[in-house]
Structure formats: structure tokens, C-alpha cells
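Order of the sequence lines fixes the chain letters, A, B, ..., with proteins taken first and strands second; residue numbering starts at 1 for each chain.
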There are 2 protein chains.
Amino acid sequence: MKDGPHIARVAALIGDNARADILTALMADRALTATELAGIAGVTKQTISGHLAKLLDAGLIEVDAQGRHRYFRLAGRDVAHLLESLMGVAFRTGAVRLRSSPREPALRKARVCYDHLAGELAVAAFEAMLMRGWFAARVGELSLTGAGRAAFEAIGVDVSVPGSSRRPVCRMCLDWGERRHHLAGGVGAALLQRMYAAGWAHRQKDSRVVVFSAEGEKAFREVFLLD
Amino acid sequence: MKDGPHIARVAALIGDNARADILTALMADRALTATELAGIAGVTKQTISGHLAKLLDAGLIEVDAQGRHRYFRLAGRDVAHLLESLMGVAFRTGAVRLRSSPREPALRKARVCYDHLAGELAVAAFEAMLMRGWFAARVGELSLTGAGRAAFEAIGVDVSVPGSSRRPVCRMCLDWGERRHHLAGGVGAALLQRMYAAGWAHRQKDSRVVVFSAEGEKAFREVFLLD
DNA sequence: TTCATGGTTCGATCCTAGCCGAACCATGCA
DNA sequence: TGCATGGTTCGGCTAGGATCGAACCATGAA
């Protein structure tokens, strides 16, 4: 016994409501200040400062100091994955927050997952893309086919990836609500940005919910789902 | 804020040392009694009973009552994944238990991961298997090729899967030490059992470490790694 | 029936850690 | 140089929860 990584330490860190709120918020927005996070978690500045120090110390988040602001973000993709994993188990075991049940349908339909789209729409779109052969599955990875590259460029999604970045171009991400995969990685992120820019959808304030406009959803379905 | 699954609840549950010990132990052995778990976690029967009740209530573990014994096991594969995810982050951020550093090298080399082999040897073997075309990668899954099926049967690994089981025949599992994949799923489990049966290796008592005999490791390397 | 063993329930204790008030440091703007 | 704002540090309060002793229930063996 007592071998291996000390999982209780990091789990305990996430096991506090305020800190879980912080991490969940950082999964949606890329960078938030301490005061914003205090508002989200519903605690005072002193308290949030203590929590952020602990998360920093543990290596779960990172900071960018800009002027007198400090922008916090998740330390890495593995943390985001861990959080999604937690959500999956919490969801299966019925540990859902009651206070927000009205908003849950919207959350299941479309939400932000770190930097890309998740939810029913995202899952359906990803499966349609696979059917059309936009991606080829390699061993642990997904790769863009010529057809896929052309299709994305036609919609105005930039699929060229900076050479220095070691980030995979496309990846799959398991959806906790649907229990099926959706598109992540560089292309997933670029696609979401494109949808914002085209006015198809926007982020709901203080939430991970992505709201589609009527025309936006229609366009989305035509481009991705119709077949 | 406050939307979606209540991750803090399940994280807090894992965030206690005794409960983390329980879950880690259950990742290795399939089923353990309350008293055994009390020994592993280093607490009394009363205490372990309370912890087990909480884990049961939260749906992280399940019980089989047999006579006056109660055998506990993880509630599902998603819990095992969550734990491996946690180990990955804990490992990256340097949260390793100091007391057991002597045993860590053995743990990194070969250990049990729920029901299959993990660690350096497992990763190397899996990559060699891929190179030889024993598996074909589909979208989210791995499938056994004809060559793979023949190869496994030649070693005496039963790759026939009960039709009723919805368990994937083969799956990949991310190794927290190596940060690369190893073989999981039905074939992974069958392979580990075969290695036990052949006397190549055995489980170290009260630990996830898998100890290879000299001949066992030699045979393993010849069958899987040599090329 | 009696005894040993596995497991649970209850109550009391004790300690950790989250929280806030107050004071303090640092940055940027006027 | 002042002043407002973002953020941290310190100290004390409090609550939740982990722990164990003791008593209790259930099962199986003698």
C-alpha cells in the first residue's frame, strides 16, 4: 500500500466547492482574474486568494501576471481531462447540482469544453464528419484527411497549425452527457472560434452554455448534420 | 456557475487518504473484504465501515455479500479511468508518496491497472504488437486483426469473448508513468491471467506491483518485444 | 447452544481547513 | 503625489468530518 502517485492530495484539492467552481470556470474561459473567480465561487477576495495559491502550488493552474491583474488558467490539458472524467462519474452517479436544473437542458445540448464545443450538437456533428470521411483514425490519434481539410477551409476554419505547437490537430474527447465522442484539438478549437465569429452562437454569461441563434443552429445543422 | 455535475462531491470523496487507499487497492484486486481494506488503509473496522458506506452511497463502489463476508469492488470502468486520470495529474505535479520511494521503480516497470498490465513493459509490448499489425485502429476503438487473433491463440490467450458482454475486446489505456498507451480490455485482462498461469509473473502482496521471474521476463521479452 | 469472527451503529473527541474582518502591499491613473 | 483598484497576509472563529472505544447484530462453525 501507499505506493504510487498521491491521488488523495489532488482529489482533496478539487473536493472543495469553491475550488471546484474555480476549475470548472477555467474549463470554459481560458483565463480569469482572481476577483472574477471570487464572484463565480461566491467567496471573498481573501478566500479566493488562498484557494488560488493552493491550486498554483499543486500545479493544477498557472498564472499570467499582466499589470496589476493576474490571469489564471488550467495548467494543462490533463487537468481538463481529469475534470471531464470527474463530471462523467458524477453525472452517472446522479450527483448533479439541484439549484441549476432549469439550465441543465441547455448545458446538455451545447456547451464549451475547455476550448471546443461539447454536447448533443457537437457529438452529432462529429459523427457526421466521421461518416463523411473528414478524419482518419490512427492508433491513438485522429488525422485530418484531404477531404476534411478542404471542407473545413470551405467553411473558413483555419486548419493550419503553427509548427512549433506540439498540440494535436484533432483529437477526440468523451462527452459526459452523451457518453460518445466529440471533436477536440486544434481543429475543434478553431471551429468553435469560427462559429462565434460567424454569429452562429455565443457564450452565455457566467456559464459554459453555448447559445445558438435560430439561424445559427439552422446553418450548423445544414453544414454538419444534414445528410 | 453551479451548473452540471457536482464534481466536488465525488472529488471530496476520493480526497480522503483512507478512501483513496481503498479505491487504489480495489483497482488492483477485483474484490476485497472490509477487514482487508481496513488493514490496507491502516484504520479500524468502524472507520472503514463508514468510508465504505459513503463510497457505496455515492456509487463509486459496489458490494457482493457472500455469507458473512462482503466483497467490495469498483462500481465501473469509468471509476477506474478516473483514478488513473488522477494518478496521471498527481504524477506530473510531483505528488508522489515519499514513504514508498524504494518500491516505485518496480511500480513503474510493471503493475496491475484494474485488470490488465501497465508500466514500461506493458507499453513497450503494446507498441510492438501494433507494429506487427495485431490490432487495427477504428474510430474510438481498437480491433483485433486475424494475425493478432492467431498470435494470441498461439500463446494460449483466450480471445473469444462472451457474446452477452458489452465489454470491448481490446482497448487502449493511458499509462501515467510512460504517458503512452498500453493494452486494456478483454484481451488485456486475458493476457495478464495467462501470464500468471504460466508462472511468468505474480502479484506482490498488498501492492499493485507485478514481479516477473527471471525466466518469465525473458519469455515475455522474446514473445512480445524481440524484433 | 455457545463461541468466534465479520461488520455496523452510536457517541465523544479532536483536528483540519474554510471563511471572513482588518490591515497591508502593488499597480496604474489622474 | 494622491487615490482607487487588484491582490495578499494575518489572526481568530467555526463547522464538518475523520477517528476510535464500546456496544451491538449477523453469520457460520463447533
Side-chain angles (χ1 to χ4, degrees), chain A residues 1-2 6-26 29-58 60-73 95 97 206, chain B residues 1-2 6-26 29-58 60-73 95 97 206:
Chain A
M1 58 175 174
K2 323 283 191 247
H6 195 160
I7 63 171
R9 180 165 170 268
V10 12
L13 226 40
I14 310 179
D16 174 79
N17 275 314
R19 286 192 296 259
D21 284 344
I22 292 175
L23 294 169
T24 307
L26 291 180
D29 283 289
R30 296 306 293 275
L32 292 170
T33 68
T35 327
E36 289 171 321
L37 288 168
I40 291 174
V43 294
T44 59
K45 292 187 301 180
Q46 313 91 288
T47 305
I48 213 74
S49 179
H51 285 311
L52 290 170
K54 286 183 187 175
L55 290 172
L56 273 175
D57 184 58
L60 294 187
I61 61 175
E62 289 171 350
V63 214
D64 272 326
Q66 281 176 22
R68 61 177 161 182
H69 294 271
R70 300 186 73 197
Y71 288 94
F72 295 89
R73 57 175 199 280
R97 300 212 176 186
D206 294 337
Chain B
M1 59 175 175
K2 322 284 192 250
H6 195 160
I7 64 172
R9 180 166 171 268
V10 11
L13 226 39
I14 310 179
D16 174 79
N17 276 315
R19 285 192 294 259
D21 284 344
I22 292 175
L23 294 169
T24 308
L26 291 181
D29 283 291
R30 297 306 293 272
L32 292 169
T33 68
T35 328
E36 289 171 322
L37 288 168
I40 291 173
V43 294
T44 59
K45 291 186 300 180
Q46 313 91 288
T47 307
I48 214 75
S49 179
H51 286 311
L52 290 170
K54 287 184 186 174
L55 291 172
L56 273 174
D57 185 57
L60 294 187
I61 62 175
E62 289 172 349
V63 214
D64 272 325
Q66 282 177 20
R68 61 176 160 183
H69 294 271
R70 301 186 73 198
Y71 288 95
F72 295 90
R73 57 176 200 280
R97 300 214 176 184
D206 294 337

Which residue pairs satisfy the salt bridge (charged side-chain N to carboxylate O under 4.0 Å, His left out) criterion with at least one member in residues 60-69 of chain B, sequence neighbours excluded?
-> Glu62(B)-Arg73(B), Asp64(B)-Arg73(B)
Would you indicate whether the side-chain heavy atoms of Ile14(A) and Ile14(B) approach each other to under 4.5 Å?
-> no
Expected rows: protein N/O vs nucleotides 26-30 of chain D N/O, under 3.5 Å:
unit_1  : atom_1 : unit_2   : atom_2 : d
dT27(D) : O2     : Arg68(B) : NH1    : 3.1

Going from CG on Leu23(A) to CD1 on Ile7(B), what distance comes out if it is rounded to the nearest 0.5 angstrom?
-> 6.5 Å
Does Lys45(A) place a side-chain N or O at less than 4.0 Å from the phosphate oxygens OP1/OP2 of dT9(D)?
-> no
Residue pair Thr47(B)/Ala12(A) against DNA chain C: nearer the 5' end by closest nucleotide is Thr47(B)
Interatomic distance, CG@Leu56(A) vs CD1@Ile61(A), rounded to 0.5 Å, equals 4.0 Å
Starting from P on dT5(D), measure out to CD on Gln46(A) and report it in whole angstrom.
-> 17 Å
Euclidean distance, Arg19(A) CZ relative to Leu52(A) CG, rounded to 0.5 Å | 10.0 Å
Rounded to the nearest 0.5 Å, what's the gap from CD1 on Ile22(A) to NZ on Lys54(A)? Could you check?
-> 11.0 Å
Val63(B) and Phe72(B), any side-chain heavy atoms less than 4.5 Å apart | yes
For DNA chain C, which nucleotides open and close the run of contacts to chain A, 5' to 3', at under 4.0 angstrom from a non-hydrogen atom?
-> dG18(C) to dG28(C)
Which donor-acceptor pairs under 3.5 Å do the side chains of residues 39-50 of chain B make with protein atoms, sequence neighbours left out?
unit_1   : atom_1 : unit_2   : atom_2 : d
Thr44(B) : OG1    : Gln46(B) : OE1    : 3.0
Thr44(B) : OG1    : Thr47(B) : OG1    : 3.0

